[in-house]
Amino acid sequence: MYDNIGIKKQAIFLLILLLMVVLAVSYKQPPPEKSDSKPEITVEQQEERYADALELAKQGQWESCYNKISIGEIKNPIDKISYLSSYALAQMHYAKGTEEGYQKAWLALKRIPDSYEWEFKDGLIGFRQSAQELYESMKATREAKEAQEKAAKAAAEAEKRKPPIVISDVWMTRNSIGVPEIHVVVTNQKERPVNAFTFEVEAFDGYDRQLSKFGFSDEVQGCLYQESTINQGESSPGGHYWTLNGFKNGRKFKVRIRDCHFTDGGTWAADSQNDSATEVSL
C-alpha cells in the first residue's frame with residue numbers, strides 16, 4: 001500500500017516537472033526595444049568631420065563633401081554641419097541644370113540664414129537667387145509649352161469635330177403653284193472630296209408652329225444631292241434646288257446637314273456637337 005502511494009507521488013512530481021519544462025520552452029522573451037540607429041557623435045567629432053568636409057568643398061568636391069558630413073548619420077548635428085550639408089546638396093542639384101535641380105537647390109539654400117557667419121556667407125544670397133531665378137524661368141517656359149500643346153490639342157480636336165461641309169448659302173422661292181423651293185449651297189472644308197450629301201428641312205407657319213407635310217404626314221423632309229463632286233474649298237452649284245411638297249403654308253424653314261459621302265467610300269454623319277440649323281424665311 002505504501003509503495004503505491006510513493007509511486008503516485010513520483011508520477012505527480014514528474015508530471016509537474018514536465019509541465020514546467022514545457023512552459024519554459026514556450027515562453028518567449030519580449031523583443032528588445034528599438035534603439036536610435038543614429039550614433040552619438042560628439043561635437044568634437046563633428047568639428048573634425050566639418051574640417052575635412054570644408055577642404056573638400058573648397059576643392060569643389062561637393063558629393064564627397066556631402067557624404068562626409070551626411071546629417072542622416074548624426075543624431076544631433078551642429079549648425080555648421082547642417083548648413084554645409086545643405087550647401088553641398090544645393091551645389092549637387094544645381095549642377096544638374098534641370099528645373100527640378102534648380103528648385104531643390106533653392107529649397108536647400110533657404111535652410112541657411114543669410115546672417116550666419118561662415119565661409120560661404122558672401123556668395124549665399126547670390127547663389128540662392130540664381131537657383132530661384134533659373135527654376136522659375138524653366139518652370140515658366142515649361143508651363144508655356146504645356147499651354148501651347150494643350151491649345152494645339154484643343155484646336156486639333158475642334159478641327160476633327162468640324163463638319164466636312166457647311167451651308168454657305170440658302171434661300172427660298174416658290175414655284176408656279178406656290179410650293180416652296182429651297183436652294184442650298186454647301187462648301188467643302190476638308191481635304192476629302194464629297195460626291196453626295198443629305199440635309200433635312202423643317203417648316204413653320206407665321207405663328208412659328210411646326211408644320212407637317214400636307215397637314216398630317218412627316219414634319220421633316222429629307223433632301224439628297226449627288227450631282228457633282230465637291231473638292232476642298234469648292235461649293236455645290238447654286239442653281240440646284242429642292243421642292244418642299246406638302247409645306248405650302250411654310251413661312252420659316254430650318255435646314256440641317258445630316259450626312260455626306262466621300263469619293264473614297266467613307267461617310268460622315270452629324271452629331272449633337274455640330275448639329276446646327278440654318279434658318280431662312282420665305
So that I can tick it off, tell me whether R258 and E200 are bridged by a salt bridge, with the cut-off set at under 4.0 angstrom between side-chain N and carboxylate O. yes
Q) Which is it for Y87 and Y66 under the ring pair (Phe, Tyr, Trp, His ring centres under 6.0 Å) test, yes or no, and what are the steps along the way? A) CA-CA 9 Å; Y87 196 84; Y66 178 76; over 10 Å; no
Next item on the list: Begin with the C-alpha distance, continue with both residues' side-chain angles, and end with the deciding distance and a verdict on salt bridge (charged side-chain N to carboxylate O under 4.0 Å, His left out) for R142 and E146.
Entry: CA-CA 6 Å; R142 172 181 56 80; E146 290 174 351; 3.2 Å; yes
How close do [X] and [Y] get, heavy atom to heavy atom, and via which atoms?
{"X": "G250", "Y": "R174", "value": "O-NH2, 3.3 Å"}
{"X": "F262", "Y": "C260", "value": "CZ-SG, 3.9 Å"}
{"X": "I69", "Y": "A53", "value": "CG2-CB, 3.5 Å"}
{"X": "S212", "Y": "F216", "value": "CB-N, 3.9 Å"}
{"X": "Q189", "Y": "P163", "value": "NE2-O, 2.7 Å"}
{"X": "A105", "Y": "A90", "value": "CB-O, 3.4 Å"}

In terms of side-chain heavy atoms, does Y102 have a donor or acceptor partner in S130 at a distance below 3.5 Å?
no
Check: Strictly by modelled atom types, are S235 and T187 linked by a side-chain donor-acceptor pair under 3.5 Å?
Finding: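 Per modelled atom types, S235 and T187 side chains form a pair under 3.5 Å.
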When hydrophobic residues are tied together by side-chain contacts of less than 4.5 Å, even through go-betweens, does [X] share a cluster with [Y]?
{"X": "Y94", "Y": "M92", "value": "yes"}
{"X": "V194", "Y": "V255", "value": "yes"}
{"X": "L54", "Y": "I74", "value": "yes"}
{"X": "I41", "Y": "V43", "value": "yes"}
{"X": "Y135", "Y": "I112", "value": "yes"}

* Asked: Passes side chain to side chain contact (heavy atoms under 4.5 Å, CB included), Y116 versus L124? Steps please.
  -> CA-CA 10 Å; Y116 183 68; L124 175 63; over 6 Å; no
Under the criterion side-chain hydrogen bond (donor to acceptor under 3.5 Å, both in side chains), which of H261, Q226, E227 is the partner of N195?
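Checked H261, Q226, E227 against N195; only one passes side-chain hydrogen bond (donor to acceptor under 3.5 Å, both in side chains): H261.
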Would you say that [X] contacts [Y] through its side chain, given a criterion of any heavy-atom pair below 4.5 Å between the two side chains?
{"X": "Y225", "Y": "P237", "result": "yes"}
{"X": "M138", "Y": "T141", "result": "no"}
{"X": "C223", "Y": "V184", "result": "no"}
{"X": "K252", "Y": "V280", "result": "no"}
{"X": "V185", "Y": "I167", "result": "no"}

Item to complete: Given side chain to side chain donor-acceptor pair (under 3.5 Å), test E55 with Q59 step by step and report yes or no.
Response: CA-CA 7 Å; E55 289 302 315; Q59 299 171 22; 4.8 Å; no
Exercise. Run the side chain to side chain contact (heavy atoms under 4.5 Å, CB included) check on L244 and I182 step by step: do they pass?
Worked result: CA-CA 7 Å; L244 304 180; I182 188 165; 4.0 Å; yes
Qualifying residue for ring-ring contact (aromatic ring centres under 6.0 Å, His included) with W242, from F247, F199, F253: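 So the option named by the test is F199.
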Begin with the C-alpha distance, continue with both residues' side-chain angles, and end with the deciding distance and a verdict on side chain to side chain contact (heavy atoms under 4.5 Å, CB included) for Q91 and F127. CA-CA 9 Å; Q91 291 282 3; F127 186 19; 3.5 Å; yes
Handout entry: Stepwise side chain to side chain donor-acceptor pair (under 3.5 Å) test for Q103 and E99
Key = CA-CA 6 Å; Q103 181 189 28; E99 177 188 340; over 6 Å; no
Gap between atom [atom2] of [Y] and atom [atom1] of [X] - 0.5 Å precision:
{"X": "Q210", "Y": "K254", "atom1": "CD", "atom2": "NZ", "result": "8.0 Å"}
{"X": "L282", "Y": "K248", "atom1": "CG", "atom2": "NZ", "result": "12.0 Å"}
{"X": "L89", "Y": "L107", "atom1": "CG", "atom2": "CG", "result": "10.0 Å"}
{"X": "K104", "Y": "T98", "atom1": "NZ", "atom2": "OG1", "result": "8.5 Å"}
{"X": "D259", "Y": "I165", "atom1": "CG", "atom2": "CD1", "result": "8.0 Å"}
{"X": "K68", "Y": "D52", "atom1": "NZ", "atom2": "CG", "result": "4.5 Å"}

Hits for salt bridge (charged side-chain N to carboxylate O under 4.0 Å, His left out) against E47, two or more places apart or cross-chain, chain-then-number order -> K80
Report yes or no: does [X] contribute a side-chain atom to a donor-acceptor pair with the main-chain N or O of [Y] at less than 3.5 Å?
{"X": "Q148", "Y": "K145", "result": "no"}
{"X": "N188", "Y": "I230", "result": "yes"}
{"X": "Q46", "Y": "I81", "result": "no"}
{"X": "K190", "Y": "K162", "result": "yes"}
{"X": "E143", "Y": "A140", "result": "no"}
{"X": "S85", "Y": "S70", "result": "no"}
{"X": "D205", "Y": "D208", "result": "yes"}

Does [X] have more than 12 heavy atoms from other residues, nucleotides or ligands lying within 6.0 Å of its [atom1]?
{"X": "E191", "atom1": "CD", "result": "no"}
{"X": "K121", "atom1": "NZ", "result": "yes"}
{"X": "Q232", "atom1": "CD", "result": "yes"}

| request: Give the intermediate values and the outcome of salt bridge (charged side-chain N to carboxylate O under 4.0 Å, His left out) for residues E202 and R256. | output: CA-CA 9 Å; E202 296 175 294; R256 292 183 181 86; 2.5 Å; yes
Ring-plane angle category for W118 and F120, please: parallel below 30°, perpendicular beyond 60°, tilted otherwise.
perpendicular
Margin query: S168 vs V186, test: side chain to side chain contact (heavy atoms under 4.5 Å, CB included). Steps then yes/no.
Written below: CA-CA 5 Å; S168 53; V186 302; 5.6 Å; no
